[in-house]
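Remarks on the structure that follows.
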Amino acid sequence: MSSSVVRAVCPHDCPDTCAMHVSVEDGVATAVRGDPEHPTTAGVLCTKVSRYTERTYHADRLLYPQKRVGKKGEGKFERISWDEALQTISGKLKQIAARNSLAILPYSYAGTMGLLQGDSMSMRFFHKLGASFLDRTICATAGGNGYKYTIGARIGTDIEQAQDAKLILIWGGNPIASNLHFWMRAQEAKRKGARLIAIDPYRSLTAEKCQQHIALLPGTDAALALGLMHVLIAEDLLDHDYIQQYTLGFEQLKQRAAEWPPQRVAETCGISAGEVLGLAREYGLTARRGEAAMIRMNYGVQRVRGGGMAVRNIACLPALTGAWRHAAGGVQLSVSDAFPKNAAALQRPDLFPADLTPRTINMSTIGDDLLRDATSEFGPKVEAVIVYNSNPVAVAPESVKVAQGFAREDLFTVVLEHFQTDSADYADILLPATTQLEHLDIHSAYGHHYMMANNPAIAPPGEAQPNTEIFRLLAQRMGYDEPCFSESDDEMAQQAFNKNDERAVHFDWSSLKKAGWSKLRVAAAPFAQGGFSTPSGKCEFYSAAMQAQGLDPLPTYIPPYESVASNPQLAARYPLAMISPPARNFLNSSFVNVQSLRATEGEPQLDLHSADAAARQIVSGDRVRIYNDRGSFTALARVGDKVRPGLVVGLSVWWKKLASDCKNANEVTSQRLTDMGRGPTFYDVLVQVEKA
């Protein structure tokens, strides 16, 4: 009997990017545990990933290539050989490329966050092919853009400092469900006397455990941030030295903030003026006392029309009070840009044909785009989609149209997957991919500063192949003979980080594989003395770059597309705002098919306020129909006070086929895009609710 412990990494779309130990007995993974020595993981995994062996050895794992034998969407397939699968795919792609290679589209996102199995060999393949580019907007582009305009890069507070903060604002996130290891440090800070304040329309698991919860209306975060600026300036709760040395545009900002007194903010946000005043004073006075005030901002803030501006406004706050001076102060949205990734080496954009004008399609508007005919503005009709690391039929907005697009008989669809997801049901060719326990990968993170190595722990089941190998094989069939298509995963991993950058000068892949993780060389307090990577080198309250893009160069408020205040005519028919944050036991659409986790979630549920329920004669346990002009879905009502009046919350994202009505919350979401970054507006939705 042989046993070993293999160093691995959680691959899922979560800021924690946990270091894992995989126990293996005679070639079988028997347990997955958190690495106790990794400073952020600290031996703890979330409920989902701690059951990773249940997912890996799931009875429904895809083990062999298959081809469709039924109608699209029926999910009927028969087994074929890898040779037949590769020949079919390459033959079809050659035919389409001979007409116009831009008619081919990759569709992928963060099913794995690995730099290899995510987008390395796959992007080499699509660049060489001359396929359309995919604008990968579905999660973070709006907030990322707003953050970059203000600070210059997605860099922020080191999460390992959070336990030393005296005030933590948890703004637009539910870290108990989606950022557990930050929550552990926030709890430590709380035990040491810190105040935790949640800013969220929904009283989430996290909000319940904070000392204060400010339940503002969806899409009004930017207004609240302007109100905080107003009070900070009016009551001189400012760090004038920091403002003078390290910021740009304070005088213009002062005039803009003057337009947002607490009463106006209260009316816009649906909260009290006292809450605005109290929050601003607490934030400003914490810094005045020389204590650390930290904002942990998350992506819930930015999934509305003005989401990019909301993130920008919030990101201005630490520079007003000098909160950046403290290692435990400042703000974190993401630290992705702290990693000097060598994307050009991994993805080889130089392979794209020089004589071809690129075409970019937004993944958040895939429903409309799959239904478009060729036009001079749009370009060729999409004739082929290769889906990997994503499940668009479940996760993309306005999914009625997404399903209609994938149901086109003239659309050739290839899906690389672990399971037969909603999207896999529409595939012409279905290919079995390996899981994290079965392949090599290298990882950055967006919630901490560690480079990470994932070692394969077990052999792939059946005939499953890593994404990298699948695209190598396809490249061979297409006749691509550039040396980069023969590079091994180890050879690509060695190129992942730029060793000429002082943050990763110590990077060595062979050493990282053995150790499992290695921290970047970054400052504990990144902007204690300025050093912002904006054009001016300062925190830009006034952004000439935004003005050049036709955006307001100062912080402002952009109302939602759909709200009672901004669209009263629509609200007369659909009076309830809806948001659909992740369920605790799911990660987007991952883990939904793991029986133990789905059993914990039960059925899709809709939280609604007791007053809204009474007006509709709804009680807890009733099946309700949630609908608007775009579509409808059903859920079980859960009546109480977790949500404010006028708001409903549908925890998501369920596979449609595993819901009783074969639908999910994206039936009613919109393909409208954010103010910047062309991101989706999942939380900018009006609906009506009735008994089903």
Side-chain angles (χ1 to χ4, degrees), residues 11-13 48 52 54-77 79 85 105-113 117-118 122 134 138-139 363 366-367 370 385-407 411-436 461-462 464-465 467 470 580 582-583 585-595 597-598 601 604 633 652-667:
H12 292 285
D13 187 4
K48 302 176 282 286
Y52 212 74
E54 187 177 342
R55 186 177 189 273
T56 300
Y57 293 113
H58 197 294
D60 295 337
R61 271 291 298 272
L62 296 174
L63 301 177
Y64 307 100
Q66 300 178 68
K67 68 178 181 181
R68 176 170 62 91
V69 294
K71 293 181 180 179
K72 289 205 171 189
E74 284 186 342
K76 294 181 179 178
F77 297 91
R79 180 179 172 180
L105 177 70
Y107 195 102
S108 69
Y109 198 64
T112 173
M113 298 292 286
Q117 307 304 332
S122 59
L134 183 73
I138 206 162
C139 181
M363 70 185 305
I366 190 66
L370 287 182
V385 181
I386 293 84
V387 177
Y388 59 106
N389 301 338
S390 189
N391 183 10
V393 175
V395 304
E398 203 169 347
S399 59
V400 172
K401 289 185 177 179
V402 180
Q404 288 173 352
F406 275 100
L411 178 72
F412 179 67
T413 302
V414 179
V415 176
L416 286 62
E417 256 299 354
H418 303 142
F419 303 102
Q420 195 170 321
T421 62
D422 292 333
S423 301
D425 284 344
Y426 290 85
D428 294 289
I429 300 292
L430 187 54
L431 300 177
T434 48
T435 71
Q436 190 76 344
Q465 296 273 18
N467 289 348
I470 291 172
S580 48
N585 291 287
F586 304 155
L587 203 163
N588 300 319
S589 75
S590 295
F591 298 98
V592 182
N593 66 321
V594 176
Q595 179 59 41
L597 296 171
R598 194 167 74 255
E601 288 297 326
F633 69 105
S652 295
V653 177
W654 283 76
W655 287 15
K656 293 183 178 186
K657 65 169 71 179
L658 297 179
S660 60
D661 62 346
C662 296
K663 297 179 180 181
N664 70 18
N666 280 320
E667 303 287 316

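Looking at N664, its side chain never comes within 3.5 Å of a backbone N or O of V653 through a donor-acceptor pair. The backbone N or O of G367 lies less than 3.5 Å from no partner atom in the side chain of E398, so there is not a single donor-acceptor pair. With hydrogens and angles disregarded, a donor-acceptor distance shorter than 3.5 Å links the side chain of D422 to the backbone of K657. Remark: side-chain polar atoms of H418 are not paired, donor with acceptor, to backbone N or O of L62 under 3.5 angstrom. Using a distance-only test at 3.5 Å, with no hydrogens or angles considered, no donor-acceptor pair links the side chain of Y107 to the main chain of L134. The backbone N or O of V393 lies less than 3.5 Å from a partner atom in the side chain of S423, making a donor-acceptor pair.
Taking CD1 of I138 as the reference point, atom CG of N588 lies at 8.5 Å (rounded to 0.5 Å). Separating the CZ atom in R79 from the OH atom in Y64 is a distance of 4.5 Å, to the nearest 0.5 Å. Taken from CD in E74 to OH in Y426, the straight-line distance is 10.0 Å, to the nearest 0.5 Å. Between the OG atom of S108 and the CD atom of Q117 there is a distance of 12.5 Å, given to the nearest 0.5 Å. Atoms CG and CD, from D661 and E667 in turn, are 7.5 Å apart once rounded to the nearest 0.5 Å. Rounding to the nearest 0.5 angstrom, the gap separating the CZ atom in F633 from the OG atom in S399 is 10.0 Å.
The two residues G118 and Y388 make their nearest non-hydrogen contact at O-CE1, 3.4 Å. Taking each heavy atom of L430 and A424 in turn, the nearest pair found is CD1-CB, 3.7 Å. Nearest heavy atom pair, residue W654 against residue E601, reads CZ2-CB, 4.0 Å. Between P65 and L431, the shortest heavy-atom contact is CB-CD2, 4.1 Å. Closest approach of S390 and E417 over heavy atoms only: O-OE2, 3.8 Å. The two residues R598 and F586 have their closest heavy-atom pair at CA-CE2, 4.1 Å.
For the side-chain hydrogen bond (donor to acceptor under 3.5 Å, both in side chains) with N389, the qualifying choice from T112, N467, D13 is N467, the only one to do so.
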**OP:** Would you sort out whether F412 and I429 count as a side-chain contact (heavy atoms from CB on, under 4.5 Å), showing the intermediate values?
**Re:** CA-CA 9 Å; F412 179 67; I429 300 292; 4.2 Å; yes
**OP:** Evaluate side-chain contact (heavy atoms from CB on, under 4.5 Å) for R61 paired with T56, printing each intermediate quantity in order.
**Re:** CA-CA 8 Å; R61 271 291 298 272; T56 300; 4.0 Å; yes
Subject >> side-chain contact (heavy atoms from CB on, under 4.5 Å) between V385 and I366, worked out >> reply: CA-CA 11 Å; V385 181; I366 190 66; 5.5 Å; no
Original post:
Could you go step by step and tell me if H12 and Y52 meet the side-chain contact (heavy atoms from CB on, under 4.5 Å) rule?
Top reply: CA-CA 11 Å; H12 292 285; Y52 212 74; 3.3 Å; yes
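Using a 30° and 60° split on the angle between ring planes, F419 and W655 fall in the tilted class, from 30° to 60°.
Residues L63 and P461 form a side-chain contact, since some pair of their non-hydrogen atoms from C-beta on lies under 4.5 Å apart. Contact of the S589 side chain with the T421 side chain is not registered, since no non-hydrogen atoms from C-beta on lie closer than 4.5 Å. You'll find the side chain of K72 stays beyond 4.5 Å of the side chain of F406, heavy atoms only.
N593 and D60 form no side-chain donor-acceptor contact under 3.5 Å, judged by distance and modelled atom types alone. Judged purely by distance below 3.5 Å, without hydrogens or angles, the side chains of K48 and S590 never pair a donor atom with an acceptor atom.
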